[in-house]
Chemist: 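Provided herewith is a single structure, encoded as structure tokens, for subsequent inquiry.
The basis for the numbers below is simple: all heavy atoms, side chains too, and nothing from hydrogens, waters or symmetry mates. One-based numbering along the sequence shown.
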Amino acid sequence: MTSVGRPRCSTTRFSSTPATPRRGELYADTLEQLGFGAENGTWRNFFLSGATELRDANFGTPTATAAPAIVAQLTPEQLFGSLAISVNGPNAWDLDLSLNVTFTDLDAAYHVTLRNGVLISDRLDGESADVEIRLTKNSLLALLGGDTTSEGISLSGSRAVLPALLGVLDSGDPAFNIVTP
């Protein structure tokens, strides 16, 4: 403790990028031992993947999470959530978009807004929107792919909203690094 009763803070900085091969090997050994001792599968996989990345290289993601069988099982809330995490916030910062999406096969409607780089969806409760969309859940996937002319998709309102929304969506990087920057 310092003389005024506050804990002393260390100024030592740790980097996830090993400066020397020896430091990288020690870091990999540490992650490996943590992985061997972890009782939780998620933590074990994280630690062992980090050790592998430090020793060899990034091994990427071994599965495709956008498989049609998986995507077809998602609820509308989950679909909108996956869109929300795909928004490139800085690129979408100046956009102010709103959509009312009605799923004809689910008897459900949602109000979707994109403001300040954040996409939010909620059950429709009488809000007005820039564009009104009526479609089935499976048609939503085609619409997000840019298909606005398929049967079963009804659009009314501003035609500029969808291209603006699609223009700020980023695809995920399946080869992201776990430990190294």
Chemist: Using modelled atom types and a 3.5 Å cut-off, is there a donor and acceptor pairing between side-chain atoms of Asn177 and backbone atoms of Val179?
Modeler: no
Chemist: Between Ser82 (side chain only) and Leu79 (backbone N and O only), is there a donor and an acceptor less than 3.5 Å apart?
Modeler: yes
Chemist: Is there a side-chain contact between His111 and Ser98 in this structure, where contact means two heavy atoms from C-beta onward sitting under 4.5 Å apart?
Modeler: yes
Chemist: With a 3.5 Å distance limit and no angle check, can you tell me whether Glu25 reaches the backbone of Arg23 through a side-chain donor-acceptor pair?
Modeler: no
Chemist: Considering all heavy atoms of both residues, which atom of Phe59 and which atom of Thr52 are nearest to each other, and what is their separation?
Modeler: CD2-CG2, 3.9 Å
Chemist: Could you report the tightest heavy-atom contact between Pro76 and Leu106, atom names first, then the distance?
Modeler: CG-CD1, 3.6 Å
Chemist: Does the side chain of Leu155 come within less than 4.5 Å of Leu162's, by heavy atoms?
Modeler: yes
Chemist: Taking the side chain as every heavy atom from C-beta outward, state whether Leu119 and Thr113 have any atom pair closer than 4.5 Å.
Modeler: no
Chemist: With a 4.0 Å cut-off on N to O distance, would you call Asp130 and Arg159 a salt bridge?
Modeler: no
Chemist: Taking all heavy atoms of Leu48 and all of Phe36, pick out the closest pair and write down the distance.
Modeler: CD2-CE2, 4.0 Å
Chemist: Side chain to side chain contact (heavy atoms under 4.5 Å, CB included) for Leu54 and Thr180? Distances and angles first, verdict last.
Modeler: CA-CA 7 Å; Leu54 285 168; Thr180 58; 3.7 Å; yes
Chemist: Which word best sums up how the rings of Tyr110 and Phe103 line up, parallel for under 30°, tilted for 30 to 60°, or perpendicular for over 60°?
Modeler: perpendicular
Chemist: Could you check whether any side-chain N or O of Asp105 sits under 3.5 Å from a backbone N or O of Lys137, counting only pairs where one atom can act as donor and the other as acceptor?
Modeler: yes
Chemist: Any sub-3.5 Å donor-acceptor pair from Asn58's side-chain atoms to Ala175's backbone N or O?
Modeler: yes
Chemist: Check the pair Leu83, Leu169 against side chain to side chain contact (heavy atoms under 4.5 Å, CB included), reporting the backbone distance first and the verdict last.
Modeler: CA-CA 7 Å; Leu83 279 179; Leu169 298 180; 3.6 Å; yes
Chemist: Locate the shortest heavy-atom distance separating Val168 from Asn91; write the atom from each residue and the value.
Modeler: CG1-O, 3.8 Å
Chemist: Taking the side chain from Glu32 and the backbone from Ala51, do they hold a donor-acceptor pair closer than 3.5 Å?
Modeler: no
Chemist: Would you say Glu132's side chain and Ser156's backbone share a donor-acceptor pair under 3.5 angstrom?
Modeler: no
Chemist: What's the separation between atom CG in Asn100 and atom CG in Leu124, rounded to the nearest 0.5 Å?
Modeler: 4.5 Å
Chemist: Does the side chain of Asp94 come within less than 4.5 Å of Asn116's, by heavy atoms?
Modeler: no
Chemist: Write down the atom of Ser49, the atom of Asn45, and the distance for their closest heavy-atom approach.
Modeler: OG-O, 2.7 Å
Chemist: Is it the case that the side chains of Thr136 and Ser139 hold a donor-acceptor pair, with the cut-off being a distance below 3.5 Å and no angle test?
Modeler: yes
Chemist: Please check if the side chain of Asn138 supplies one atom and the backbone of Ala72 the other of a donor-acceptor pair under 3.5 Å.
Modeler: no
